[in-house]
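This report refers to the structure that appears directly beneath it.
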Amino acid sequence: MKNIALVGAGRGGSALLPILNRYPDIKVLWVAEKDSSAPGLKIAKELGIPITLNYMDLLLIKGLDMIINLTGDPLITSELEKENKEGIDILGGLGARLLWDLVYTEKKREEKLYKKLELAVVKLNDMKNYLENILEHSADMIITTDTDMNIVSFNKGAEKILGYKREDVIGTHIKEIWFDKDAQRELMEKVIKEGDVSSYETRFVTKGDGYIYISLTLSQLKDDSNKVIGTVGISKDITEKKKLEKELIESNQELENFVYTVSHDLKAPLRTIDGFATILLDDYKDKLDKDGRHYLARIRNAASHMGRLIRDLLELSRIGKVTNPHTRVSVLDILNKVKEVLRYNLEDNKAELNIVSSLPSIRCDRVRMVQMLSNLISNAIKFVDKNKTPKIEIGYKDKKTHYEFYVKDNGIGIESEYLSTIFDIFHRLHNSEEYGGTGIGLTIVKRIIELHNGNIWVKSKIGEGSTFYFIIPKD
Ligand code: ADP
């Protein structure tokens with residue numbers, strides 16, 4: 001321990017005192033200062049250091065190791081040195097000045113840092129207020145809970161959407177305002193296990209016992225030490241979207257029923273037209289001239305095309321109606337079945353079917369999958385230059401949540417402007433004389449993929465072939 005006394009409590013003293021006070025092995029025993037307005041005096045008082053007006057008194061202190069003269073007055077140093085009987089170190093002149101300079105720069109540096117820190121705190125506070133403001137005034141519902149799932153905060157958006165006042169719900173368990181109680185439990189378990197869950201569709205109870213549909217993103221709330229202290233849920237009101245979805249499903253259903261009935265009813269008159277045209281051609285052949293026979297042949301052709309259209313339309317309207325249970329099947333099995341279905345088509349056109357990689361198993365409606373791939377592959381055989389043999393490649397990529405399959409051909413290709421519309425019903429890029437068809441095949445393909453929660457798209461270059469990609473989620 002070093003015992004020290006200071007002469008001078010001006011700027012130097014006031015800077016040095018707090019710094020010396022921080023060192024545990026230094027103790028300032030006294031301060032000498034004759035000017036009662038010196039700024040260091042206040043600090044000395046706060047630190048409990050006694051003050052004397054006469055610096056010569058310092059020589060009388062017992063156990064003192066050093067006197068530091070901060071006044072810059074050499075006379076004081078020499079006077080102290082003269083009377084120094086106890087062998088106390090006297091630091092004055094250049095030594096004290098150096099110490100003063102060091103301390104002064106250190107103090108300035110500290111002050112600067114402190115200012116910066118203060119500014120950062122102000123900024124942080126501004127940011128905090130800004131964020132709190134956004135959360136508070138967001139149109140979305142933002143609710144936080146503690147780890148017991150009791151509501152901790154409830155923003156304006158939540159008040160507006162659900163109709164409760166925050167003081168009525170804060171502190172209550174979240175299940176009180178959650179309509180689907182099972183979903184609540186399931187979701188909480190998921191959040192605890194996985195950290196967060198996004199865009200989860202569920203229902204919340206509104207004031208007055210109604211409910212609304214919401215899309216909820218729930219995350220864990222953590223403190224500075226990464227400990228989970230609750231949850232934060234941000235939700236959007238999707239009631240309107242749900243209503244529209246329901247209406248759309250209903251009107252699609254109606255439309256499908258209509259298409260089904262009409263297509264069905266058209267079958268009988270079409271059969272009659274075709275039947276009588278056949279009779280005319282067979283039994284009245286001699287009574288008709290060449291033109292008459294030609295017109296009748298065209299009637300039969302048109303009737304047969306219409307028959308195909310009706311059959312495809314019926315098939316399309318059946319897709320949503322007639323579903324088979326989803327089972328786990330290997331895609332290779334599905335393709336073997338497709339090969340069987342398209343056997344003559346493949347053989348007649350000398351088509352090569354190349355399965356690139358070992359294919360995975362998927363959960364699907366097997367019959368529909370066979371139908372879907374048969375459509376894609378028969379198109380790949382059909383839309384090829386007459387002087388080329390069709391070469392078809394089938395493969396897949398294993399993505400994290402789904403499989404991405406592709407069917408690639410060496411056909412005539414599709415113009416880029418039609419890439420997104422060819423899945424629309426009756427959309428054909430070529431006339432039926434050149435390449436027969438109804439324009440319903442790819443619509444059926446898309447419907448089947450959608451029924452499996454998948455997606456389909458195509459990439460193509462004219463003259464270089466097309467690649468159809470489709471994804472099927474893993475279960
Ligand atoms: P369809 O084959 O009965 O005409 P689709 O719905 O299967 O009807 O196909 C729609 C249109 O998309 C076809 O008429 C054709 O113009 C184009 N198309 C489909 N598949 C291919 C393909 N692999 N290559 C080139 N064009 C294709």
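For ligands, and for the atoms within them, numbers begin at 1 and follow the listed sequence.
The protein heavy-atom contact nearest to atom 3 (O) of ligand 1 is T438 N, 2.8 Å. In terms of protein heavy atoms, atom 13 (C) of ligand 1 is closest to F383 CZ, 3.4 Å. Annotation: atom 7 (O) of ligand 1 to nearest protein heavy atom, N379 ND2, 2.8 Å. Looking only at protein heavy atoms, the nearest one to atom 16 (O) of ligand 1 is H430 ND1, 2.8 Å. Among all non-hydrogen protein atoms, the one lying nearest atom 1 (P) of ligand 1 is G439 N, 3.5 Å. Counting only heavy atoms of the protein, atom 11 (C) of ligand 1 lies nearest to H427 O, 3.4 Å. The nearest heavy-atom contact from the protein to atom 4 (O) of ligand 1 is R428 NE, 2.7 Å. Counting only heavy atoms of the protein, atom 6 (O) of ligand 1 lies nearest to L442 N, 2.7 Å.
Ligand 1 has at least one atom lying under 4.0 Å from a heavy atom of S466. Between F468 and ligand 1 there is a heavy-atom distance shorter than 4.0 Å. Remark: distances from the non-hydrogen atoms of G465 to ligand 1 are all 4.0 Å or more.
Ion pair D101/R97 flagged as a salt bridge, since at least one NZ, NE, NH1 or NH2 atom sits closer than 4.0 Å to an Asp/Glu carboxylate oxygen. A salt bridge links E315 to R368: at least one charged side-chain nitrogen sits closer than 4.0 Å to a carboxylate oxygen. Using a 4.0 Å cut-off between charged nitrogen and carboxylate oxygen, R447 and E256 count as a salt-bridge pair. Under the 4.0 Å criterion applied to side-chain N and carboxylate O atoms, K246 and E250 are assigned as salt-bridge partners. Using a cutoff of 4.0 Å between basic side-chain nitrogens and carboxylate oxygens, E340 and R343 are not scored as salt-bridged. Note on R300 versus D274: salt bridge recorded, some NZ/NE/NH1/NH2 to OD/OE distance being below 4.0 Å. Residues K241 and E201 are paired through a salt bridge, judged by an N-O separation under 4.0 Å between the basic side chain and the carboxylate. With respect to the salt-bridge test (charged N to carboxylate O, under 4.0 angstrom), the residues K156 and E159 do not qualify. Taking a cutoff of 4.0 Å between a charged side-chain nitrogen and a carboxylate oxygen, D126 and K123 do not qualify as a salt bridge.
Each of the following atoms of ligand 1 lies closer than 4.0 Å to a heavy atom of K382: 1 (P), 2 (O), 3 (O). Close approach of ligand 1 to G413 is summarised as follows: ligand atoms under 4.0 Å from at least one heavy atom of the residue are 25 (C).
With a heavy-atom cut-off of 4.0 Å, I414 touches ligand 1 through its side chain alone. When non-hydrogen atoms are compared, ligand 1 lies under 4.0 Å from the backbone of I440 (N, CA, C, O) but not from its side chain.
Side chain of K227 to main chain of K222: no donor-acceptor pair is present (N/O by atom type, distance under 3.5 Å, no hydrogens or angles).
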